K.L.:
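Pasting a structure here, questions to come.
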2 protein chains.
Amino acid sequence: MDELDSAIVRELQRDARQSNRDIARKVGVAPSTCLERTRLLRERGVIRGYHADIAPAALNRGVQALVSVQVRPLSRAVIDAFKAFAHGLPEVTAVFVMAGNDDFVIHVGAQDNEHLHAFLVDRLSQRKEIVGFRTSIIFQHLAKHDPAPLPGT
Amino acid sequence: MDELDSAIVRELQRDARQSNRDIARKVGVAPSTCLERTRLLRERGVIRGYHADIAPAALNRGVQALVSVQVRPLSRAVIDAFKAFAHGLPEVTAVFVMAGNDDFVIHVGAQDNEHLHAFLVDRLSQRKEIVGFRTSIIFQHLAKHDPAPLPGT
DNA sequence: GATGTCACCGAACGTTGTTCGGCAGAGCGT
DNA sequence: ACGCTCTGCCGAACAACGTTCGGTGACATC
């Protein structure tokens with residue numbers, strides 16, 4: 001993970017669909033070198049994938065929420081089961097397994113408030129391991145798609 | 001946003017770096033048609049960008065947390081200012097503006113617990129508009145990078 | 001039934017991805 | 001110092017690709 005790798009990663013974070021030649025030119029190496037570096041970054045698991053960022057409304061997810069969930073008992077079996085359940089629901093776009101008051105925070109998207117409510121009542125609250133959950137509507141979601149590497153120690 | 005558009009979007013969510021010809025073959029149209037559709041999806045704002053998904057540890061973000069923040073007064077000026085402030089911090093990877101008890105939830109990544117603590121104490125708690133915040137460590141973060149479109153009404 | 005419109009196709013051309021042989025420099029043991 | 005190996009990089013070559021453009025068929029309108 002030297003300076004060249006970082007520069008390639010930065011470019012791919014910024015725009016994952018630009019050509020290898022463009023990236024090579026920007027970071028100052030030959031296309032073949034850049035391609036090999038990219039392949040290695042992928043192989044080493046530094047690059048986990050390339051994904052299009054889609055407007056939520058286009059996927060019928062105009063309303064988004066964060067749902068904090070507490071489950072009991074706090075056994076591995078229950079936690080893993082709920083995690084898999086939540087991740088499998090189509091409305092769920094992310095599952096956070098947490099330390100602290102809440103055991104999970106799940107990021108949910110639905111067409112409108114009505115569908116969100118239906119999801120909470122019909123899907124989520126059916127699970128018997130849930131002892132409580134709290135839903136907060138998201139007004140805005142500023143995501144940083146190209147987070148810079150933090151300085152090491 | 002017909003069936004063909006959805007299929008193209010699905011492929012680009014799954015792997016944004018596959019060739020236009022591959023996508024065209026998978027969705028069953030000519031490459032030129034696929035390219036034109038993709039261009040229009042981009043132009044209409046359905047596709048917002050293409051980004052590489054990078055392992056947090058490679059960016060010195062081995063420890064992640066969600067921080068719930070309350071600010072006062074709840075004026076537009078204060079909200080916008082804090083939002084811009086939070087989004088500008090390098091440790092912050094996402095800012096959620098919320099309805100409910102918390103005004104913001106910010107997604108933070110740091111090298112380790114010590115750096116996370118330093119961030120909270122030195123950066124966040126400096127802001128005078130903050131009247132309280134609560135930090136929860138993230139154990140796991142299962143993200144769905146290819147959320148399916150939800151059925152419309 | 002003639003006309004206009006629209007989405008799609010397929011061919012063509014310049015550009016790109018990908019592979020491979022070779023070269024230069026670093027590190028190392030003698 | 002010398003030769004050796006290893007590693008990372010380069011540049012050329014060929015197959016594959018992106019991108020443009022004229023043409024074609026389907027469909028709606030009048």
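Keep in mind that this is a model prediction, so the values were computed, not measured. Just so we're on the same page: letters track the sequence lines, and every chain starts at 1.
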K.L.:
Find every protein N or O atom lying less than 3.5 Å from an N or O atom of nucleotides 5-9 of chain C, and list the pairs.
P.N.:
unit_1, atom_1, unit_2, atom_2, d
C:dC8, OP1, B:R37, NH2, 2.5
C:dC8, OP2, B:R37, NE, 3.0
C:dC8, OP2, B:R37, NH2, 3.4
C:dC9, OP2, B:A30, N, 2.7
C:dC9, OP2, B:T33, OG1, 2.7

K.L.:
So, using ring pair (Phe, Tyr, Trp, His ring centres under 6.0 Å) as the criterion, who are the partners of A:H87 when residues are at least two apart?
P.N.:
none
K.L.:
Who pairs with A:R39 by side-chain contact (heavy atoms from CB on, under 4.5 Å), at least two apart in sequence or on another chain?
P.N.:
A:E36, A:E43
K.L.:
Return the set of residues passing side-chain contact (heavy atoms from CB on, under 4.5 Å) with A:L35 (not counting sequence neighbours), or none when no residue passes.
P.N.:
A:N20
K.L.:
Between A:D5 and A:R44, does any side-chain N to carboxylate O distance fall below 4.0 Å?
P.N.:
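Result for this pair is yes, salt bridge flagged.
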K.L.:
Going by the side chain to side chain donor-acceptor pair (under 3.5 Å) test, which pairs reach into residues 117-128 of chain A, not counting sequence neighbours?
P.N.:
A:R127-A:E129
K.L.:
Separation of A:L35 atom CG from D:dA15 atom C1', in whole Å?
P.N.:
14 Å
K.L.:
Could you list the residues that satisfy side-chain contact (heavy atoms from CB on, under 4.5 Å) with B:R48, not counting sequence neighbours?
P.N.:
A:D53, A:A55, A:P56
K.L.:
Which residues, ordered by chain and number, are linked to B:I54 in its hydrophobic cluster, where ILVMFWY side chains connect at heavy-atom gaps below 4.5 Å, directly or through other members?
P.N.:
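So far as hydrophobic clustering goes, B:I54 is joined with A:M1, A:L4, A:I8, A:V9, A:L12, A:I23, A:V27, A:V29, A:L41, A:V46, A:I47, A:Y50, B:L59.
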K.L.:
Return the residues of residues 14-23 of chain A meeting this criterion: a heavy atom under 4.0 Å from some atom of DNA chain C. Order them by number, or give none.
P.N.:
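Here the set is A:S19, A:N20, A:R21.
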K.L.:
Mind calculating the distance between CD (B:E36) and P (D:dG23) to the nearest angstrom?
P.N.:
19 Å
K.L.:
Test of understanding: with ring pair (Phe, Tyr, Trp, His ring centres under 6.0 Å), list the residues that count as partners of A:F96, not counting sequence neighbours.
P.N.:
B:H107, B:H141
K.L.:
Who clusters with A:V131? Use side-chain heavy atoms, under 4.5 angstrom, across I, L, V, M, F, W and Y, and order the result by chain and number.
P.N.:
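Besides A:V131, the cluster holds no residue at all.
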K.L.:
Residues in side-chain contact (heavy atoms from CB on, under 4.5 Å) with A:A148, at least two apart?
P.N.:
none
K.L.:
Need the bend value for the helix from C:dG1-D:dC30 to C:dT30-D:dA1: angle between end axes, 5 pairs each end, nearest 10°.
P.N.:
30°
